[in-house]
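Single-structure report; data block below.
If you're wondering where the values come from, they're calculated on a predicted model, not measured in any experiment. So that the names make sense, note that chain A is the first sequence line, chain B the second, and so on, each numbered from 1.
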Number of protein chains: 2
Amino acid sequence: MARPSVKEKRTEEILNAFEKCVARFGVEGSTLEKIAEEAGLRRSLLRHYIGNRDELIDALIARYIERSDADMQLLANSLKNASPQKIIDYLFYEEGDLTAQVSQALMVAAPEHENIRKQLTRWTNDFHDQLTNILKAIYPDATKDNLHIVSAGIEGIYLNAVSFNVLDDMENMKAASKAAALKLLQTLDKT
Amino acid sequence: MARPSVKEKRTEEILNAFEKCVARFGVEGSTLEKIAEEAGLRRSLLRHYIGNRDELIDALIARYIERSDADMQLLANSLKNASPQKIIDYLFYEEGDLTAQVSQALMVAAPEHENIRKQLTRWTNDFHDQLTNILKAIYPDATKDNLHIVSAGIEGIYLNAVSFNVLDDMENMKAASKAAALKLLQTLDKT
DNA sequence: TATTAAATTGTCAATATTGACAATTTATGG
DNA sequence: CCATAAATTGTCAATATTGACAATTTAATA
């Protein structure tokens, strides 16, 4: 017998706005006012629905990691025994620039935010393990070392390639990066 | 017949402090007060020697790019006809974490700072060209495409590996990254 | 329609940050 | 010592940012 709650909806809107701001201004550059404006809400509503600045950051990183974990699961499932080309195609599929820029901004904020640093560290290691497992399924004869090495290399090329999104006219570099990832992966062929 | 000028010295000190802050707090998180405190100077001196906030940022990126260009020249000269292992060793030599974190923070600031974005874009392309040339000297028979691809891949692995510095306990990943770069480079062997 | 819980708006003070510039101190050459 | 140019300190106002909370409005339902 009361007004219906829009808490979930608003929370999503706020965090979406926060992400957009983080991509443009970084974590420290995202003032509550900017976030509110981006969300089309009053600043007081950020506080009402989520909390103060620190709690907003916690909510952001929590949702980001949650989604990244989900994406990783999807990746792991989709790529069981996929071909090398398929794997690279999947990985380098344009997922909308936001994620990459947010990830980079969070990295920059990591030194001062214990919470962010821990979560990103765990995620990075998880991602590595997942990718290594995927590769292992395709190349069962490859040595553990080689699997680790190639996995780390692909991950590096991939993460760096998406970071090109903030620069101008990097299409060539992105294409070359993708080709490099495939080439590295194919070093596992001959064993 | 006047007091000797310390302008150059102070300017260096200020920009050093700015870099440290940028590595910790990002560009937008580096307030003039924090920079001044890090430099052990009054905030008014930042203004006196360099200027307002925007001018400080311009000075920072200018010096950063200048140094990066110099490093790149050194790299190009040092690695003329070096062995693959030498090249990778040189590239992955620990140069003091600062540079990497500053670079990443500048990337995050790029969307909102035309100046930063342009300069980083140019530098990234230059770096790619230099590395490609170095590889070409060692592998004169490799195709242009393959040189580009391997160069982009190594660059990606390298840049991403240094970004691990902000996370915890990433020694394994860094080592694997280095090995991956070498492995990728060696794909140019057989041609 | 009256009630009720939630959404939304509005306001205020405390603090942080920046820009601008005056005032003072200091080290050197003459 | 004196004049001078530079360094350094100090201060002030304007603006930005945040935290906190009161006041109001709105939509469902009994």
Nearest heavy atom decides the nucleotide; on that basis, is A:Leu32 or A:Ser44 closer to the 5' end of DNA chain D?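 Closest to the 5' end, via its nearest nucleotide, is A:Leu32.
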Specify the separation, in whole Å, of atom [atom1] of [X] and atom [atom2] of [N].
{"X": "B:Leu46", "N": "C:dG19", "atom1": "CG", "atom2": "P", "value": "10 Å"}
{"X": "B:Glu33", "N": "C:dT18", "atom1": "CD", "atom2": "C1'", "value": "9 Å"}
{"X": "A:Glu28", "N": "D:dT17", "atom1": "CD", "atom2": "P", "value": "13 Å"}
{"X": "A:Ile50", "N": "C:dA7", "atom1": "CD1", "atom2": "P", "value": "13 Å"}
{"X": "A:Ile35", "N": "D:dT17", "atom1": "CD1", "atom2": "P", "value": "11 Å"}
{"X": "A:Glu55", "N": "D:dT18", "atom1": "CD", "atom2": "C1'", "value": "13 Å"}

Would one find a side-chain N or O of A:His48 under 4.0 angstrom from OP1 or OP2 of C:dT8?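 For A:His48, the contact criterion (side-chain N or O under 4.0 Å from OP1 or OP2 of C:dT8) is not met.
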side-chain N/O B:Arg53 vs C:dT17 OP1/OP2, d < 4.0 Å: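 So the side chain of B:Arg53 is outside the cut-off, no N or O lying under 4.0 Å from OP1 or OP2 of C:dT17.
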Supply the atom-to-atom distance B:Tyr90 OH to B:Ile134 CD1, rounded to the nearest 0.5 angstrom. 9.0 Å
Closest to side chain of [X], choosing from [options]:
{"X": "B:Arg47", "options": "C:dG19, C:dG10, D:dT18", "result": "C:dG19"}
{"X": "B:Arg42", "options": "C:dT17, C:dT9, D:dG10", "result": "D:dG10"}
{"X": "B:Tyr49", "options": "C:dG19, D:dT8, D:dG10", "result": "D:dT8"}
{"X": "B:Leu45", "options": "D:dT9, C:dT18, C:dG10", "result": "D:dT9"}

Under 4.0 Å, counting only non-hydrogen atoms across every strand here, what does A:Thr31 touch: a base, just sugar-phosphate, or nothing? sugar-phosphate
Nucleic acid contacts - residues 3-19 of chain B versus DNA chain C, non-hydrogen atoms under 4.0 Å: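 Correct list: B:Arg3, B:Pro4.
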Pairing of [X] and [Y] as salt bridge, 4.0 angstrom limit:
{"X": "A:Arg63", "Y": "A:Glu66", "answer": "no"}
{"X": "B:Lys183", "Y": "A:Asp145", "answer": "no"}
{"X": "B:Glu12", "Y": "B:Lys9", "answer": "no"}

Any side-chain heavy atom of B:Ile157 sitting closer than 4.5 Å to one from B:Phe92? yes
Sequence neighbours left out, cut at 3.5 Å: what donor-acceptor pairs do the side chains of residues 33-45 of chain B make with other protein atoms?
from, atom 1, to, atom 2, distance (Å)
B:Glu33, OE2, B:Arg43, NE, 3.2
B:Lys34, NZ, B:Gly29, O, 3.2

Taking for B:Ala2 and for B:Ser30 the nucleotide of DNA chain C with the nearest heavy atom, the one nearer the 5' end belongs to B:Ser30
Would you mind listing every side-chain hydrogen bond (donor to acceptor under 3.5 Å, both in side chains) that reaches into residues 77-86 of chain B, with sequence neighbours excluded? B:Gln85-B:Asp89
Regarding C:dT18, can its base be found pairing with the side chain of B:Arg43 as donor and acceptor, where the two atoms are less than 3.5 Å apart? yes
